[in-house]
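Index from 1, following the sequence. Any value given below was found using the heavy atoms of this structure, including those in side chains, with hydrogens, waters and symmetry copies removed.
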Amino acid sequence: MKKTECIFLLLLVLSLYSCIHDDTKFPSKEIPEITNVNVERDTFFNILGVPFKLTPDVSLEPREQDVTYTWKASYMNYYSGVERQDSLKMISCESELNYVFPKLGTYKVRLEVSNGKMMLMKEFRIVVQTVFAQGLFVFSDHAGIGRISFLPLAGEGHVLADSSVNFIQRPVENLNPMMITEGMSDVQQLGAELYVCVSSKNLVYRLDGSTFEEILTYDFAAEWPEKHLTSFMRGTAAYGDSYVMSEEGKVGKCALSMCYIVDDTSFDGIYDKMITWNGKQFGYLDYYYFVLFDKNREYYDAVWEMRGSPDKIARGDAPEGYKVYNGYGYVGESSMFFLISRNKDNLNKFRVDRLQPEYDRDTWTTSFVNKAFKEFEQSDVTLSESSPLLYSTVNNSVYYFDRHDLYLWKGMGYGFPESPVLTLDGEITYMGITENHRYIYLGVWQENAKAVLKGSVYLYEVATNKIVKEYRNIADKPVRIFYKTSN
């Protein structure tokens with residue numbers, strides 16, 4: 001019996017030893033991990049009513065494992081961007097998001113990916129817009145009837161891209177069938193809203209900038225009797241104020257959001273030309289400027305407006321022996337105005353003064369101080385009194401047009417160019433510039449074109465002196481072209 005027990009114990013020890021030294025591999029279960037959850041960008045843009053589709057980038061180790069996806073969203077205040085307190089609500093449990101966000105505004109979206117043992121999250125924002133949220137805005141005219149043409153774009157940088165998207169014709173008029181288009185004279189964006197001026201009726205339409213729907217109609221007949229608003233001059237989005245000019249050459253400051261003339265006494269002259277620009281002062285403060293030329297060209301009135309401060313108005317006389325002829329604003333670290341004058345006795349003699357705004361805190365007055373001037377004589381003058389001038393920071397040059405010709409002038413210290421840098425196949429009727437100053441919008445009118453719409457928009461590249469994009473036959477005679485932003 002004892003012999004049997006000893007044999008049994010010996011066999012047990014041997015079996016345990018063999019187990020300890022056995023090199024046989026058995027499968028072991030790895031702990032599943034979610035190593036990454038990401039999306040392409042932090043902010044997406046989507047069109048109202050169009051499903052938003054998104055496939056996230058999710059990395060798993062091991063790759064094959066069971067995970068759940070939970071998409072949550074919260075609506076943020078449409079105007080202020082402050083998140084509401086109702087927090088996140090689940091909108092989908094699919095691995096790919098395919099969802100129609102129900103209203104305009106900004107949504108915060110959170111993706112939660114879980115395998116039961118761990119969870120990773122990714123948050124981002126979706127801005128829901130209409131097709132009119134941003135894009136190229138063209139206001140044109142034919143026989144006194146206004147037309148609005150709009151090209152939806154994702155950003156001003158897309159104006160050069162080849163796209164299947166076409167200009168939408170008369171979107172404002174179609175959405176507001178009672179709007180008067182006869183006598184429509186100007187359009188301005190002021191913050192998130194658009195203002196349309198109808199000079200013939202002394203009306204201003206206030207529109208939602210995202211939907212183009214009418215908010216209010218303002219009748220200025222009582223505010224400005226015997227005057228007719230014809231153009232907007234400069235606006236401050238924070239206060240809803242804009243300067244307006246009448247057909248009679250009068251100027252007033254208008255609170256468009258409340259429909260009344262704030263001030264029509266600061267400008268006591270009759271004016272026939274307006275120049276506007278904006279720039280930097282002290283390197284970081286945004287200033288707006290505009291200069292008005294007296295109808296007799298004896299003096300000019302200028303407004304220097306800083307965001308959040310009162311307007312500062314200065315008057316300057318033409319240099320002795322000269323008449324005010326033309327001018328342009330300089331955009332840079334310090335803003336300046338270049339005044340072009342023509343000699344009264346010698347019409348071939350011109351003078352360019354470099355003026356810089358200065359504010360005297362002791363007297364509470366503003367003036368444009370003469371920093372330098374140059375005189376030159378030239379018999380063949382390509383610049384007229386009415387020619388609009390446009391300054392570009394890309395090559396520090398000035399552009400102006402005369403009918404079919406576009407001119408490049410090197411500015412102060414140089415005579416006017418004798419030949420154009422470019423001659424187009426139609427009459428140039430408007431000139432604007434992109435925010436980065438790299439391209440100039442040219443509104444071109446081809447009176448003899450066979451197309452119904454004879455107005456086009458060309459993009460001129462400053463660096464190459466070439467037309468790099470053409471939007472042909474998309475408008476009537478161009479009056480104003482600008483990139484409409486979402487706010």
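Residues satisfying the ring pair (Phe, Tyr, Trp, His ring centres under 6.0 Å) criterion with F139, sequence neighbours excluded, are absent altogether. With sequence neighbours left out, the salt bridge (Lys or Arg N to Asp or Glu O under 4.0 Å) criterion links K371 to E358. Residues satisfying the side chain to side chain contact (heavy atoms under 4.5 Å, CB included) test with K323, not counting sequence neighbours, are R297, E298, K344. Taking Y322 as the reference, nothing meets the ring pair (Phe, Tyr, Trp, His ring centres under 6.0 Å) condition, with sequence neighbours excluded. The salt bridge (Lys or Arg N to Asp or Glu O under 4.0 Å) test applied to R480 returns D186, not counting sequence neighbours. With sequence neighbours excluded, the residues forming a side chain to side chain contact (heavy atoms under 4.5 Å, CB included) with T429 are E427, W445, K477, P478, listed by chain and number. Partners of F167 under the ring pair (Phe, Tyr, Trp, His ring centres under 6.0 Å) rule, at least two apart in sequence or in another chain, are Y471. Judged as a side chain to side chain contact (heavy atoms under 4.5 Å, CB included), and not counting sequence neighbours, the contacts of K484 are F137, F150, Q189, L194, F212, F482. F337 pairs by the ring pair (Phe, Tyr, Trp, His ring centres under 6.0 Å) definition with W277, not counting sequence neighbours. Not counting sequence neighbours, N348 has no partner by the side-chain hydrogen bond (donor to acceptor under 3.5 Å, both in side chains) test. By the side chain to side chain contact (heavy atoms under 4.5 Å, CB included) test, L424 pairs with L422, I428, L442, V444, Y458, I467, sequence neighbours left out.
Between T382 and P417, the shortest heavy-atom distance links the atoms OG1-O, 2.8 Å. Taking both residues in full, the closest heavy atoms of F338 and M412 are given as CE2-SD, 3.7 Å, listed atom of the first, atom of the second, then distance. Across all non-hydrogen atoms, the minimal contact from D272 to D294 is OD1-O, 3.8 Å. Shortest non-hydrogen contact noted between V291 and A302 is CG2-CB, 3.9 Å. Scanning both residues, F232 and V244, for their nearest heavy atoms gives CD2-CG1, 3.9 Å. In this structure, D476 and S140 approach most closely via the heavy-atom pair N-OG, 2.9 Å.
Between Y441 and Y460, the distance separating the two ring centers is not shorter than 6.0 angstrom.
Side-chain contact annotation: D57 with N38, donor-acceptor N/O pair under 3.5 Å absent. Between the side chains of Q134 and Y483, at least one donor N or O sits under 3.5 Å from an acceptor N or O. Side-chain contact, Q446 with D425: a donor N or O sits under 3.5 Å from an acceptor N or O. For the 3.5 Å distance criterion, the side chains of S199 and E247 qualify, holding a donor opposite an acceptor. Using modelled atom types and a 3.5 Å distance limit, the side chains of N326 and Y400 yield no donor-acceptor pair. In this structure, a donor-acceptor pair under 3.5 Å is absent between the side chains of N395 and Y391.
Between I148 and V138, the closest side-chain pair of non-hydrogen atoms is not below 4.5 Å. Annotation: side chain of E377 is in contact with side chain of N346 (closest heavy-atom distance under 4.5 Å). Here the side chains of Y75 and F101 are not in contact, with every heavy-atom distance at 4.5 Å or above. Under the 4.5 Å side-chain criterion, counting only non-hydrogen atoms from C-beta, V196 is in contact with M184. In this structure the side chain of I340 reaches within 4.5 angstrom of the side chain of F416, judged on heavy atoms. Between I168 and L151 there is no side-chain heavy-atom pair separated by less than 4.5 Å. Residues L207 and M179 have side chains in contact (heavy-atom distance under 4.5 Å, counting atoms from C-beta outward). Within the 4.5 Å cutoff, the side chain of L453 has heavy atoms near those of the Q169 side chain.
Between the side chain of S392 and the main chain of S397, no donor-acceptor pair closer than 3.5 Å is present. Looking only at distances, a side-chain donor or acceptor of Q378 sits under 3.5 Å from a matching main-chain atom of D380. Proximity of a side-chain donor or acceptor of S185 to a complementary backbone N or O of S231 within less than 3.5 Å is not detected. Side-chain atoms of S246 come within 3.5 Å of backbone atoms of K250 as a donor-acceptor pair (strictly under, hydrogens ignored). Although no hydrogens or angles enter the test, the distance criterion places no donor-acceptor pair under 3.5 Å between the side chain of H437 and the main chain of V394. Side-chain atoms of S456 come within 3.5 Å of backbone atoms of N473 as a donor-acceptor pair (strictly under, hydrogens ignored). Using a distance-only test at 3.5 Å, with no hydrogens or angles considered, a donor-acceptor pair links the side chain of N46 to the main chain of V50.
Taking the six-membered ring for Trp and thresholds of 30 and 60 degrees, F44 and F124 have ring planes more than 60 degrees apart, a perpendicular arrangement. Note on ring orientation: taking the six-membered ring where Trp is involved, the planes of F350 and Y325 are perpendicular (angle over 60°, cut-offs 30° and 60°).
Salt bridge status for E470 with R472: present, with a side-chain N to carboxylate O gap under 4.0 Å. Classification of R315 and D301 as a salt-bridged pair holds, one side-chain N sitting under 4.0 Å from a carboxylate O.
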Can you check salt bridge (Lys or Arg N to Asp or Glu O under 4.0 Å) on R206 and E214, steps first, answer last?
CA-CA 6 Å; R206 181 184 176 190; E214 181 184 338; over 6 Å; no

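Remark: R351 qualifies as a cation-pi partner of F373 under the 6.0 Å distance and 45° angle criteria applied to the six-membered ring.
For residues 403-417, the side-chain hydrogen bond (donor to acceptor under 3.5 Å, both in side chains) pairs, not counting sequence neighbours, are D405-T423.
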